[in-house]
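Per chain, numbering begins at 1; letters A, B, ... match sequence-line order. The figures here come from the full heavy-atom set of this structure, side chains too, leaving out hydrogens, waters and symmetry mates.
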2 protein chains.
Amino acid sequence: MARGRATLKDVAERVGVHLSTVSRVLNAKPGYVVSEEVAEKIRTAARELGYKTNPFAYSLRVNRSFTIGVLIPDLTNPVFPPIIRGIERTLAKKGYIAILADSDNDPAEEERILERLKARQTDGLILATAHRADELVADCLEEGYRVVLINRSVEAAGVSSITNDDHFGIAQAVRHLASLGHRQIAHVAGPQAISTGYQRYLAFREAMQAEGLAVDDNLIAFCDAFAEKEGRRAMAQILARSRPLSAVVAANDLLALGCYDAIEAAGRRCPEEISVTGYNDMPFADKFKPPLTTVHIPLFEMGIEAAEAMLALLDTENPEPRQVRLRPELVVRGSTARAPAGI
Amino acid sequence: MARGRATLKDVAERVGVHLSTVSRVLNAKPGYVVSEEVAEKIRTAARELGYKTNPFAYSLRVNRSFTIGVLIPDLTNPVFPPIIRGIERTLAKKGYIAILADSDNDPAEEERILERLKARQTDGLILATAHRADELVADCLEEGYRVVLINRSVEAAGVSSITNDDHFGIAQAVRHLASLGHRQIAHVAGPQAISTGYQRYLAFREAMQAEGLAVDDNLIAFCDAFAEKEGRRAMAQILARSRPLSAVVAANDLLALGCYDAIEAAGRRCPEEISVTGYNDMPFADKFKPPLTTVHIPLFEMGIEAAEAMLALLDTENPEPRQVRLRPELVVRGSTARAPAGI
DNA sequence: TATAGCTACGCAAACCTTTGCGTAAACCCG
DNA sequence: CGGGTTTACGCAAAGGTTTGCGTAGCTATA
């Protein structure tokens, strides 16, 4: 509420000057001078009256909201909270705030949310929802919005993005499994319409070859979403094909969790019979049963980077897209073990 | 950006009427009539020009931001994302948006954030950070802000709050343990400055008596925060006292996770030697090692209720505080087992 | 002593909307 | 046909800020 907040006019009247003078004193722009005597009077009056600049009037005047829309595909995925925290913190340092929205992986909802955010005159958009060929992103760019993509990227160039090196990460996972003696390695792939799902799939094939291992398409299944349920379905599908396998690399942690379920449901054991790797190192990954071997990516830092990229975009008139790719790192836990003999 | 958006004036000029007429047509208030002919022309012109009402000017005029501040103590606690999702969804239906802020359990930061939110003229505040005697909350109320508390409540009356029945929930947990033959039950209590921590502690004592069990103060330890680390510390402390015990009820899931660690570090086993219960049924509680027996509370629904309570407050001039207490439910999983014999 | 140049501040427009009030024209009724 | 009511719309203020421009008084220079 804060009804009846003091305005520039109020403090101007109190001091006996014009409100424009008050404005300039309080904003202290170069090129405009006012006697220190008057300035001091104005400052104390402002303090006494508890003057706070009215954000509506200010925004109306400068045509900026100092608000950034943050669009997340699934807030309940523990990967995102650290990212969001990073975003929010660094945005706050510059006087910006984050408006959070969660599309729940629904493209239609996503579009509605974007409409709302645009209607609100957000100064920029941080999107974690991008598809590889995302028209929504293209539209935003075309309309002149500042956009930075996080985690996922789009194929079209010219967008700022903060991602991790999927190829490097997957290669580490595969190498780890190979070094444990695994030769029949399955892949529970993410949605191919999303950059991470696609790149990790490509990376899996490459890494297998690099290790001199054959990739068997029967040991690959694709998921429609990065969700536990899909991971379970895909893993069950692979298991049902009755090919020998001793390990599976899942395209992310949620899928890996689904793999756990499917493996247990099939009466197999992880890691004794089947090793599992995830991706993201989401919070609590170390608490699972078994603790998940996964590829760690610096979530909090990604949030910071995204916010900084956004602030950079906001600063300049003709924004240069900035692409940051962070290095992931394998963290070995209990879901991977030596390949069982005789497989 | 959206530079050069069409304004009321633009569409007025296009049609050849005054902009006030356009405003009334587009807003369609009763008590003001305009011929259907003109109205139709205005509507199509508005559509063609892509008119969207300027939120800054609108807010300035009506002195409302249609923005609700949501303050969370720890975003990385998986309890909150479902709550936030519930809040955001139901707020969106009425044209409100949520500004999310995360205090990271830091009271000073909390104060800073509240300052920022107030400066932004948020129409209301949903707080998940309340302490039992919270001056910040009292201040907000006094300043006329609409406030609804979620999860935690304050001792002072007159605040809207959405909570769960801590006594009922804890009683269920204790009864469950008692029915499994446990008699020496420990309690890893939450911060006593927070309603949930305090009430669950009280509830624990009551429930023990109700089951005819003695409560041994040596089997109780207090945590300074609802964090895994604290849970580990507290549980280790209890274990170090070398009293016989076969179960522990933790004041929330994160603390329970800490108990897991301490139990393992002490070379004991859960649930074979020591049963553990949590509280909240946070996402992935069923994936832990072992799957956590805990008290489920309807997180998503709490978010919805909180948002609805806020919308109700916003509607009326003299807001009647609404207090909702949701019923929790024990969900039994793998972290509780029959008490070992001979203890 | 003019003139130019500062200094220190005021004036008013602009941003865009909502809304109370005013006012023509059209209508109704007796 | 004259008076009053209704219909349909315009006018302008108000909300609070920023900012280009104007200006009165003073000082320094020629």
**Message:** I need the minimum non-hydrogen distance between A:A307 and A:L91, along with the two atoms involved.
**Reply:** CB-CD1, 3.6 Å
**Prompt:** Where the side chain of B:V38 is concerned, which of C:dC16, D:dC9, C:dA8 is the nearest nucleotide?
**Reply:** D:dC9
**Item:** Among C:dC9, C:dT19, D:dT19, the one nearest B:R24 by side-chain distance
**Value:** C:dT19
**Request:** Measure from CZ on A:R64 to P on C:dC15 and round the result to the nearest Å.
**Result:** 18 Å
**Message:** I need the CD1-C1' distance between A:I42 and D:dT17, as an integer number of Å.
**Reply:** 15 Å
**Request:** State the CG-CD distance between B:L326 and B:E305, to the nearest 0.5 angstrom.
**Result:** 5.5 Å
**Message:** For a quick check, tell me whether the side chain of B:T53 and the base of C:dC16 share a donor-acceptor pair closer than 3.5 Å.
**Reply:** no
**Prompt:** Distance only, no hydrogens: is a donor on one side chain within 3.5 Å (strictly under) of an acceptor on the other, for B:R120 and A:T67?
**Reply:** yes
**Fill in**
A:F56 atom CZ is separated from D:dG16 atom P, nearest whole Å, by 11 Å
**Integer-rounded Å distance: D:dT19 P and A:L26 CG** = 14 Å
**Item:** Any B:S35 side-chain N or O less than 4.0 Å from OP1/OP2 of D:dA8
**Value:** no
**Asked** Could you state the NZ-C1' distance from B:K9 to D:dA12, rounded to the nearest angstrom?
**Response** 14 Å
**Asked** Under 4.0 Å between a side-chain N or O of A:Y51 and OP1 or OP2 of D:dT17?
**Response** yes
**Asked** When you match B:Y58 and A:V62 each to their closest nucleotide on DNA chain D, which lands nearer the 5' end?
**Response** B:Y58
**Message:** What's B:S23 touching, base or sugar-phosphate or nothing? Going by heavy atoms closer than 4.0 Å.
**Reply:** base
**Asked** Atom CG of A:N27 and atom C1' of D:dT17: how far apart are they, to the nearest Å?
**Response** 9 Å
**Complete:** By ring-ring contact (aromatic ring centres under 6.0 Å, His included), A:Y96 pairs with (sequence neighbours left out) A:F66
**Item:** Distance-minimising heavy-atom pair for B:T122 and B:L117
**Value:** OG1-O, 3.1 Å
**Asked** 5'-most contact on DNA chain C: A:L19 or B:L60, nearest heavy atom basis?
**Response** A:L19
**Asked** B:E36 CD to D:dC9 C1': how many Å, rounded?
**Response** 15 Å
**Heavy-atom donor-acceptor pair, A:S20 side-chain to C:dC11 base, under 3.5 Å** = yes
**Prompt:** Can a side chain N or O of B:H18 be found less than 4.0 Å away from OP1 or OP2 on D:dC9?
**Reply:** no
**Message:** In whole Å, I'd like the distance from the OH atom of A:Y32 to the C1' atom of D:dG22.
**Reply:** 11 Å
